[in-house]
Amino acid sequence: MDDKFLKPYDPKATEARIYAEWEESGYFNPDQMIKDGLTEASAETYSIVLPPPNVTGRLHMGHALMLAVEDVFVRTKRMQGFRTLWIPGTDHAAIATQSVVEKDIMKKEGKSRHDLGREELLRRIGDFANESHDTIVSQLKVMGASLDWSREAFTLDAPRTKAVYTVFKQMYDAGLIYRGNRIVNWDPKGQTTISDDEIVHEERKGTLYTFKYAKDFPITISTTRPETKVGDVAVAVHPDDTRYAKFVGKTYEAVFCDVPITVRIVADKEVDPAFGTGALGVTPAHSQIDWEIADRHDLPRIPVINEYAKMTVEGQLNGMKVGEARSTVVEWLRTEGLLEKEEEVTQNISLAERTSGVIEPLPKLQWFIDVNKEIPGRGKSLKQLMLDPVKDGRIEIIPEHFDKTYFHWIENLRDWCISRQIWYGHRVPVWYRGEEIVVGAAPEGEGWVQDEDTLDTWFSSGLWTFSTLGWPEETPELVAYHPTALLETGYDILFFWVARMILMTGFALDTVPFKTVYLHGLVRDAQGRKMSKSLGNNLDPLEIADTFGADAARMALIVGNTPGTDTRISEDKIKGYKNFANKLWNITRYVLTETEGAKDAPLTETDSAVREELAALAADVTRDINEHRIYMAAEKLYHFAWHRLADELIEESKTIFTGEDEAAKASRKVLLLSLLTDILKLLHPFMPFVTEEIWKSVRTKDTLLMVEKWPATAV
RNA sequence: GCGCGCUUAGCUCAGUUGGUAGAGCACUCGAUUUACACUCGAAUGGUCGGGGGUUCGAGUCCCUCAGCGCGCACCA
């Protein structure tokens, strides 16, 4: 027995060394596995692409959970003989990264992006991204992730950019990407458009004002945003509303707070006759619904608010911020005697998730993806392309009930605004020269100007499963490993990312990006609160690994954590699995001490029964893992190792070994060694470091546990 | 408003097709020059949120009510 077992297991002194050995072996790369005869070249493939962490800093416990889960599947499949590939990468994360760097520069130097200019800002962000990347890569390794580093990708590197430009052009040529002037979600704080999914709603108290535009105006309207009424062009009423029927079609002039307005009365079925006065002041330039009403009634659209959320009208309101303009208008209404009613209401206001800026709906010229248009030659829309594979079972979502959420989201989906007014990201691959437009690649010749905007970060991450495999080239990797087997990610990005991947892959490759979606929940603290910087309750995976070992962190994150459900993590729980690693260590110490020089011997009846018990456990655990119940597999293995092997079998072995029955002794030695060997293999995907370290003392040949064959599941 | 989920031991959670309620932690009592104190043994603890139904049998399936959480939509 090795002397190292005389001291408690020390993960700190072990884990980094073991990871280096794995890396050196080259076995994270399936090609090396085949080359060394450890995997059949013809074996079925199993592939996962790592959801690329944002290069915005460091990894958190959510990442640690993701890595633990994915590594369990990858390591199991590798041991089961699959051609197993897990591709690493990072995400440039456009707006998230840019805003982190911008904030930092503002704080340290008091400069805005405009002070620095595009080139300088991009240089600074690039530096920051590189630093974050290096930190993240080292953290991924600390967690033990068996990623094929030879295939690492970055969403903004050259091959991925090529993929982005290629898809953009294909979608443009198919008429699915268009440039249009439409109401978008404008974030005045971040100075960019954002997608519907980047909005969060917050309940706030507001006031609903009921008033007339002018004394002689026949209809009273209600609004929470009186300042926008200077942009009104109509009052809409329900077609069946008898109160207003006689006004429909008429046009009225008024001067509203210094601004001359022309208001037509229109009938539109979208108007709820029960809300307020049943009459809606239509502001087409600053409301989504009003924009649509304007479409139907051919109304003009008068912008009265600019990108800085300031008024752009004649008279006293000009240049005022919207909030100030609101009080001014209300004051004006009062003095004019037009205000009939003020009611306190709770309203949902829209905030930009990233900056907390209040969203201002503005008409802007932006790039969109049309999700409803039929794709030429395909007979279906992108929406259907997203819907079908989940409906017909080509994609399985775990837990299953999330498919309802997914369908619900798609039903409400509108065209996807893909252009952003930020600088970090894939620049929109469109070049202009006068009336000419070129899409996809920079044209030859003088005088071409590229579109100023960049693409929504989810555009490039939508391509991730195939851009990482070399698409648009028809690489051997793409052929072998796509569609990928599993996508494992948080349920919070089901719409952002998972849906977009299904969309992009359906369009570009006419297939699915993955067969199974495994959605993990949020990692919360011991009190069930979200981990956040402001609460200071973040657990840093690096510190945890340092104190308890990555193996302990992995087990704590996996055991009892069902997919789709939030999990609570505490140092106590992690400590329990550190103790477990030590338990394995001491089991080994006992078994190796007792079996030194043991020869092969027939098993007694009792001992063969135990062998069968282990085979049954192996079968059970294998089934659990195959059916994605790793939380159960982990618990069963823990229980068997500690409470069966250590507490019972080893305890009764002590009696056997001090007894007289030589056959029983010989049998028990064979049994203990075989149980230990199999438990190490079965536990390896969960606790790769400690099992690999123990393996060095148990193995009969100079091999790595990570490439051992998975135990047989039947005797 | 529409939809989804949760409610099981003091706490955190499992419970795969319906077949005698489980784990970890905590707590209580006890052991111990032991492979391991990063230990072991034992004990306590649940009318599975309420009500109704299906069934020989329901934590599990159906209906209903309540509380909590989440998503989406509306938000004039």
Side-chain angles (χ1 to χ4, degrees), chain A residues 1 5-11 196-197 199-201 203-204 206 208-210 221-226 228-229 232 235-237 270-272 275-283 287-290 293 345-350 399-413 491-492 494-495 521-522 524 526-528 548-549 552 555-556 559-562 564-570 572-573 575-594 620 623-624 627-629 631-632 634-636 638-639 642-643 646-648 650-651 653-654 672:
Chain A
M1 185 200 65
F5 290 108
L6 297 176
K7 284 183 288 185
Y9 172 61
D10 181 5
D196 293 345
D197 304 287
I199 291 178
V200 289
H201 298 286
E203 262 198 6
R204 284 194 192 168
L208 183 66
Y209 302 94
T210 300
I221 59 162
S222 299
T223 182
T224 52
R225 296 200 60 187
T228 64
K229 298 292 104 181
D232 279 14
V235 164
V237 298
E270 281 297 299
V271 179
D272 176 3
F275 189 95
T277 61
L280 162 66
V282 182
T283 325
S287 151
Q288 180 69 41
I289 291 188
D290 295 9
I293 291 175
V345 290
T346 45
Q347 52 173 356
N348 273 332
I349 60 155
S350 303
E400 201 182 357
H401 71 256
F402 269 101
D403 57 12
K404 290 201 186 94
T405 314
Y406 178 80
F407 295 142
H408 191 246
W409 176 79
I410 290 179
E411 278 155 26
N412 289 306
L413 186 64
Y491 65 75
D492 52 331
L494 178 63
F495 307 141
L522 267 47
R524 297 173 177 274
Q527 282 85 51
F548 303 103
M555 279 296 274
V559 174
N561 182 5
T562 44
T565 308
D566 294 353
T567 187
R568 297 186 188 202
I569 194 92
S570 61
D572 273 353
K573 187 174 181 187
K575 194 170 170 235
Y577 293 103
K578 183 190 168 153
N579 296 351
F580 180 52
N582 195 54
K583 192 72 181 177
L584 292 172
W585 195 251
N586 283 293
I587 289 171
T588 309
R589 176 178 167 181
Y590 177 82
V591 172
L592 292 183
T593 310
E594 294 300 326
D620 201 15
R623 197 180 324 112
D624 282 338
E627 294 169 14
H628 306 98
R629 289 186 302 269
Y631 54 99
M632 289 192 83
E635 198 178 327
K636 285 171 186 169
Y638 171 91
H639 197 265
W642 197 317
H643 299 301
D647 291 348
E648 293 172 2
I650 286 183
E651 288 308 316
S653 299
K654 290 177 184 171
L672 288 179

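Just so it is clear: chains get the letters A, B, ... in the order the sequence lines come, proteins before strands, and each one is counted from 1.
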Write down the distance separating the [atom1] atoms in [N] and [M], rounded off to the nearest Å.
| N | M | atom1 | value |
| --- | --- | --- | --- |
| B/A66 | B/C25 | C1' | 30 Å |
| B/U8 | B/U60 | C1' | 12 Å |
| B/A23 | B/A14 | P | 16 Å |
| B/C63 | B/A26 | P | 41 Å |
| B/G22 | B/A9 | C1' | 10 Å |
| B/U54 | B/C61 | C1' | 8 Å |

The side chain of [X] lies closest to which of these nucleotides: [options]?
| X | options | answer |
| --- | --- | --- |
| A/Asn412 | B/A14, B/A35, B/C72 | B/C72 |
| A/Asn348 | B/A73, B/G15, B/A35 | B/A73 |
| A/Ile289 | B/C40, B/C75, B/C38 | B/C75 |
| A/Ser350 | B/A35, B/U16, B/C75 | B/C75 |
| A/His201 | B/G41, B/C38, B/A73 | B/A73 |

What nucleic acid atoms does [X] come within less than 4.0 Å of, heavy atoms only: base, sugar-phosphate, or nothing?
| X | value |
| --- | --- |
| A/Val559 | nothing |
| A/Glu651 | base |
| A/Thr224 | sugar-phosphate |
| A/Leu208 | sugar-phosphate |
| A/Thr562 | sugar-phosphate |
| A/Phe580 | nothing |
| A/Ile221 | nothing |

Check the angle between the aromatic planes of A/Phe580 and A/Trp642 and answer parallel, tilted or perpendicular using the 30° and 60° thresholds.
->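 A/Phe580 vs A/Trp642 ring planes: parallel.
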Parallel, tilted or perpendicular for A/Phe402 and A/Tyr491, by the 30°/60° rule?
->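 The rings of A/Phe402 and A/Tyr491 lie parallel, inter-plane angle below 30°.
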Salt-bridge present (A/Asp572, A/Lys575; N to O < 4.0 Å) |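 A salt bridge is absent here (no side-chain N lies under 4.0 Å from a carboxylate O).
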Rounding to an integer number of Å, can you tell me how far [X] [atom1] sits from [N] [atom2]?
| X | N | atom1 | atom2 | answer |
| --- | --- | --- | --- | --- |
| A/Asp272 | B/A73 | CG | C1' | 14 Å |
| A/Ile587 | B/U39 | CD1 | C1' | 12 Å |
| A/Ile199 | B/C75 | CD1 | P | 13 Å |
| A/Phe5 | B/A35 | CZ | C1' | 11 Å |
| A/Tyr9 | B/U39 | OH | P | 16 Å |
| A/Phe495 | B/C72 | CZ | P | 6 Å |
| A/Arg629 | B/A14 | CZ | P | 14 Å |
| A/Asn561 | B/G15 | CG | P | 11 Å |

Output all residues satisfying salt bridge (charged side-chain N to carboxylate O under 4.0 Å, His left out) with A/Lys583, sequence neighbours left out; order by chain, then residue number.
->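 If we apply the salt bridge (charged side-chain N to carboxylate O under 4.0 Å, His left out) test to A/Lys583, skipping adjacent residues, there are no hits.
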With sequence neighbours left out, write down each residue that passes salt bridge (charged side-chain N to carboxylate O under 4.0 Å, His left out) with A/Glu651, or none if nothing qualifies.
->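 Salt bridge (charged side-chain N to carboxylate O under 4.0 Å, His left out) check on A/Glu651 returns A/Lys654.
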For the residue pair [X] and [Y], what are the closest heavy atoms and their distance?
| X | Y | value |
| --- | --- | --- |
| A/Gly281 | A/Asp290 | O-OD2, 3.4 Å |
| A/Val559 | A/Ala634 | CG2-CB, 3.7 Å |
| A/Ala236 | A/Val271 | CB-CG2, 3.6 Å |
| A/Leu584 | A/Thr588 | O-OG1, 2.7 Å |
| A/Pro11 | A/Gly549 | CB-CA, 3.7 Å |

Please walk me through it: do A/Thr228 and A/Ser287 pass side chain to side chain contact (heavy atoms under 4.5 Å, CB included)?
-> CA-CA 9 Å; A/Thr228 64; A/Ser287 151; over 6 Å; no
Residue whose closest nucleotide on RNA chain B lies nearer the 5' end, A/Thr588 versus A/Trp642 |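 That would be A/Thr588.
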For A/Asp290 and for A/Asn579, find the nucleotide of RNA chain B with the closest heavy atom, then tell me which residue's nucleotide is more 5'.
->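 In this pair, the answer is A/Asn579.
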Which residues pass the side chain to side chain contact (heavy atoms under 4.5 Å, CB included) test with A/Thr224, sequence neighbours left out?
->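 Checked A/Thr224 against side chain to side chain contact (heavy atoms under 4.5 Å, CB included); matches are A/Leu208, A/Val345, A/Gln347.
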What string of B, S and - do you get for nucleotides 2-11 of chain B 5' to 3' if you count protein non-hydrogen atoms under 4.0 Å?
-> B-SS------
Have a look at A/Leu280 and tell me which of A/Ile221, A/Asp272, A/Ile293 forms a side chain to side chain contact (heavy atoms under 4.5 Å, CB included) with it.
->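 That would be A/Ile293.
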Do A/Phe495 and A/Thr405 come within less than 4.5 Å of each other through their side chains, counting heavy atoms only?
->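 Yes. Closest side-chain heavy atoms under 4.5 Å.
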Give every pair of a protein N or O atom and an N or O atom of nucleotides 19-27 of chain B that lie under 3.5 Å apart, one pair per line with the distance.
| residue | atom | partner | partner atom | Å |
| --- | --- | --- | --- | --- |
| B/G24 | OP1 | A/His643 | NE2 | 3.1 |

Secondary-structure stems, RNA chain B, at least 3 Watson-Crick or G-U base pairs under 3.5 Å =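 The stems that RNA chain B takes part in, listed by first number, are B:1-7 with B:66-72, B:10-13 with B:22-25, B:28-31 with B:39-42, B:49-53 with B:61-65.
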